[in-house]
A.B. asks: 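The following block contains the structure, expressed as structure tokens.
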Amino acid sequence: MGKHSVEELYDIVSDLVKWASSSSVPYSQRLEEHLVGVACFRDKPRTLSLMEIIDKTTPEGAVGIDAGAGTGILGWSFLNAGGGYLYLVESMGVYRKFLERVAKELGFEDMVEVHIVNAAKFKPAKRLDYIVAELVITGLLNEPLVEVIKHLRQYANPECRFLPEKAVSKVELWGRVEHEGKQAIIPLSSDGVVYDEVEVRSIERDGVDTVVEFEVDTAGLPNKLVATTELIHPGGYKTGMFDTLCTPMTMYLDSVRGRRVREGDRVKVRINYKYGETKTWASLVE
Ligand SMILES: C[S@@+](CC[C@H](N)C(=O)[O-])C[C@H]1O[C@@H](n2cnc3c(N)ncnc32)[C@H](O)[C@@H]1O
């Protein structure tokens, strides 16, 4: 089987996703728009960026896993780029038939195992050379990336690649300002502060507990932090924000108490959460 370009591969899988979302497919196997994996697939700039990185960084004959496979698009990219064996691991059973069908259509059926299980419990029989886990939301909240990686890296070969390799999260301090009788919520400090860096091959912590300090350059009433996350992948390739990946996230301040800040003030904020949980607030440090 000849190698497809990244765009061609996306288009082939896209036609199959269209077919699988039609009413001719039984409801229990239908890939509806609201499924996260389908929404991610349809975010073409995000998907092509990740596919291109995998295309450039997959070692010939490597054993890989696509943990949280959804439509399997990142796994298909891995095999298309020369990967030798692939575990597709997804928690939602609705994807099973689709993944099996795409494996056949692409001629990969002898190189793929589909497992409908929690990736944080999955035990691959072969050692892994490439772990793909697009289980990422800004700040590593909501999705189980850290839990899944801590488990899967036990099965990794020493040279194993991880996508992502690293997640760097930043926050800006935002607040209410008044100008000519009108109110607006804008950044009070022009510099974002890095508050968390996670190296997936070595992370041991299960969350963030840190105090960040901002220097105020616009007077106002602080009311929230706005976080963003940048991902660093094999080969040093970076990705930032897409419609379905690493969008800015708000953490409201739980202790505002009407304290206005002026230009030059220093404001300290404690950020404290566990990876994977859903949390949207932080605390001003008095
Ligand atoms: C953000 S989507 C990414 C889908 C696909 N990898 C892509 O990049 O297009 C995450 C997928 O992981 C699945 N998922 C979430 N937690 C999981 C877990 N613990 N084990 C296996 N799959 C999981 C979700 O059902 C969803 O399909």
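Counting starts at 1 for both ligands and their atoms, following the listed order.
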A.B. asks: For atom 5 (C) of ligand 1, which candidate among Cys40, Ala67, Ala69 provides the closest heavy atom?
C.D. replies: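 Minimum heavy-atom distance to atom 5 (C) of ligand 1 goes to Ala69.
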
A.B. asks: Salt bridge check: are Lys274 and Glu147 linked by an N-O gap of less than 4.0 Å?
C.D. replies: no

A.B. asks: For atom 15 (C) of ligand 1, what is the nearest protein heavy atom, given as residue, atom name and distance?
C.D. replies: Leu135 CD2, 3.7 Å

A.B. asks: Using a heavy-atom cut-off of under 4.0 Å, does the side chain or the backbone of Ser91 touch ligand 1, or both, or neither?
C.D. replies: both

A.B. asks: Against heavy atoms of Val117, which atoms of ligand 1 measure under 4.0 Å?
C.D. replies: 20 (N), 21 (C)

A.B. asks: Note the single closest protein heavy atom to atom 19 (N) of ligand 1, along with its residue, its atom name and the distance in Å.
C.D. replies: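 The closest heavy atom on the protein side is Asn118 OD1, 2.9 Å.
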
A.B. asks: I want to check something: taking the side chain as every heavy atom from C-beta on, are Asp55 and Ser77 in contact at a cut-off of under 4.5 Å?
C.D. replies: no

A.B. asks: Can you tell which of Glu147, His115, Lys121, Glu90 gets a heavy atom nearest to atom 25 (O) of ligand 1?
C.D. replies: Glu90

A.B. asks: Applying a heavy-atom cut-off of 4.0 Å, say which part of Leu35 lies close to ligand 1: side chain, backbone, both or neither.
C.D. replies: neither

A.B. asks: What atoms in ligand 1 come closer than 4.0 Å to a heavy atom of Met92?
C.D. replies: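 In order of number, 25 (O).
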
A.B. asks: Under a 3.5 Å distance rule, please check whether Arg270 uses its side chain to pair with a backbone N or O of Val212 as donor and acceptor.
C.D. replies: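 Absent.
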
A.B. asks: Could you tell me whether ligand 1 has any atom less than 4.0 Å away from a heavy atom of Ala120?
C.D. replies: no

A.B. asks: Considering heavy atoms of the protein only, find what lies nearest to atom 20 (N) of ligand 1 and give residue, atom and distance to 0.1 Å.
C.D. replies: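 It is Ala119 N, 2.8 Å.
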
A.B. asks: Between ligand 1 and Thr71, is the shortest N or O to N or O distance under 3.5 Å?
C.D. replies: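 For ligand 1, there is no N or O atom that lies under 3.5 Å from one belonging to Thr71.
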
A.B. asks: Consider salt bridge (charged side-chain N to carboxylate O under 4.0 Å, His left out). Of Glu199, Glu204, Glu165, which one does Arg153 pass it with?
C.D. replies: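 So, applying the salt bridge (charged side-chain N to carboxylate O under 4.0 Å, His left out) to Arg153 and each of Glu199, Glu204, Glu165, only Glu204 qualifies.
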
A.B. asks: If I take atom CD from residue Glu263 and atom CG from residue Asp217, how far apart are they, to the nearest 0.5 angstrom?
C.D. replies: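 Answer for the CD-CG pair, Glu263 versus Asp217, is 7.0 Å.
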
A.B. asks: For atom 7 (C) of ligand 1, which of Arg46, Glu143, Arg42 has the closest heavy atom?
C.D. replies: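 Closest candidate by heavy-atom distance is Arg46.
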
A.B. asks: To check your reading of the model: name the closest protein heavy atom to atom 3 (C) of ligand 1, its residue, and the distance in Å.
C.D. replies: Glu134 O, 3.6 Å

A.B. asks: Are His233 and Thr57 linked by a side-chain donor-acceptor pair shorter than 3.5 Å?
C.D. replies: no

A.B. asks: Report yes if some N/O of Gly68 lies less than 3.5 Å from some N/O of ligand 1; otherwise report no.
C.D. replies: yes

A.B. asks: With a 4.0 Å cut-off on heavy atoms, is Ile137 touching ligand 1?
C.D. replies: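 In this structure, Ile137 fails to qualify as a contact of ligand 1 - no heavy atom is under 4.0 Å.
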
A.B. asks: Using atom types as modelled and distance alone, determine if a side-chain donor or acceptor of Asp43 lies under 3.5 Å from a backbone N or O of Cys40.
C.D. replies: no

A.B. asks: Would you confirm whether Glu230, through its side chain, and Ile232, through its main-chain N or O, come within 3.5 Å as a donor-acceptor pair?
C.D. replies: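 Judged by distance alone, no pair lies under 3.5 Å.
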
A.B. asks: With under 30° as parallel and over 60° as perpendicular, where do the rings of Trp76 and Phe108 fit, or are they tilted in between?
C.D. replies: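 Parallel, since the angle between the ring planes stays under 30°.
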
A.B. asks: Counting from 1, what ligand 1 atoms have a heavy atom of Gly70 closer than 4.0 Å?
C.D. replies: 27 (O)

A.B. asks: Is the contact between Asp66 and ligand 1 made by the side chain, the backbone, both, or neither, using heavy atoms and a 4.0 Å cut-off?
C.D. replies: side chain

A.B. asks: Is there side-chain contact between Phe214 and Leu225, with at least one heavy-atom pair below 4.5 Å?
C.D. replies: yes

A.B. asks: Considering only protein heavy atoms, which is closest to atom 16 (N) of ligand 1, and at what distance to one decimal place?
C.D. replies: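 The closest heavy atom on the protein side is Pro144 CG, 3.6 Å.
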
A.B. asks: State the atoms of ligand 1, each with its element, that fall below the 4.0 Å cut-off from a heavy-atom position in Ile73.
C.D. replies: 9 (O)

A.B. asks: Would you kindly specify which portion of Leu74 sits under 4.0 Å from ligand 1, judged on non-hydrogen atoms: side chain, backbone, both or neither?
C.D. replies: side chain

A.B. asks: Below 6.0 angstrom between ring centroids: does that apply to Phe41 and Tyr10?
C.D. replies: yes

A.B. asks: Between Val216 and Ser189, is any pair of side-chain heavy atoms under 4.5 Å apart?
C.D. replies: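 No. Closest side-chain heavy atoms not under 4.5 Å.
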
